[in-house]
Amino acid sequence: MSNIFIPLIRVKKPPNVEALRLYRDILRACRKFTWANEQGEPWGEVIKKSTRAEFEAARNETDPVLIARSLVVGRDCLMQLEEKMAATERKMFEHIQNTRRR
C-alpha cells in the first residue's frame, strides 16, 4: 500500500459583511473625535486602535451566537455614541445661539 500525499488547502472564509460594515462605520465615527486625551493622543486614533484590536481578537471566532451578540453590542454602542455626539452638538449650537442674542 502506498502513501498518498494530499495537501491541505485552506479555504479562506468570506468576510462577515455585517462585521465589515460595523468596522467601517466605527472608523467613520472616529473622524469626529478631533480632541486629544491626557497623553496628547487624538481620541479618534485611540478609538481606531482599540477597534482594530477588538476586531482582530474576534477574527477567528466561529460561534455564530457569539458573533451575532458581538455585532449587536457593537452596533448599539456606536448608535449610543452617535446619539450623544448629536445631543452635545445640539447643546453647543443652542448655547452659541443664546449667547449671541444677548
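Note that the coordinates shown come from a computational prediction; the quantities given were computed from them, not determined experimentally.
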Show me the donor-acceptor pairs, under 3.5 Å and distance only, between side chains in residues 80-91 and residues at least two apart or in other chains.
| residue | atom | partner | partner atom | Å |
| --- | --- | --- | --- | --- |
| Gln80 | NE2 | Asp76 | OD2 | 2.9 |
| Thr88 | OG1 | Lys84 | O | 2.8 |

Task: side-chain contact (heavy atoms from CB on, under 4.5 Å) partners of Val73, counting only residues at least two apart - done: Arg69, Cys77
Task: hydrophobic_cluster_shared for Leu22 and Leu27, side chain cutoff 4.5 Å - done: yes
Task: Pairs flagged by salt bridge (charged side-chain N to carboxylate O under 4.0 Å, His left out) wherever residues 42-52 is involved - sequence neighbours left out - done: Glu41-Lys49, Glu45-Lys48, Arg52-Glu56
- [ ] Could you go through the side-chain contact (heavy atoms from CB on, under 4.5 Å) check for Arg21 and Arg75 one step at a time?
- [x] CA-CA 10 Å; Arg21 184 177 297 128; Arg75 181 63 62 188; 4.0 Å; yes
- [ ] Check whether the side chains of Glu18 and Asn16 place a donor and an acceptor atom closer than 3.5 Å, and report yes or no.
- [x] no
Task: pair His95-Arg100: side-chain heavy atoms closer than 4.5 Å - done: no
Open item on the list: Can you pull out every ring-ring contact (aromatic ring centres under 6.0 Å, His included) where at least one residue sits in residues 64-86? Sequence neighbours excluded, please.
Closed with: none
Task: Single-linkage hydrophobic cluster Ile26~Leu20, side-chain heavy atoms < 4.5 angstrom - done: no
Open item on the list: If I take atom CD from residue Glu61 and atom OG from residue Ser70, how far apart are they, to the nearest 0.5 angstrom?
Closed with: 7.0 Å
Task: Single-linkage hydrophobic cluster, 4.5 Å side-chain cutoff, Leu71 and Val65 together - done: no
TODO: With sequence neighbours excluded, give me every salt bridge (charged side-chain N to carboxylate O under 4.0 Å, His left out) pair touching residues 27-37.
DONE: Asp25-Arg28
Open item on the list: Enumerate the ring-ring contact (aromatic ring centres under 6.0 Å, His included) contacts for residues 50-86, please, sequence neighbours excluded, ordered by first and then second residue.
Closed with: Tyr23-Phe55
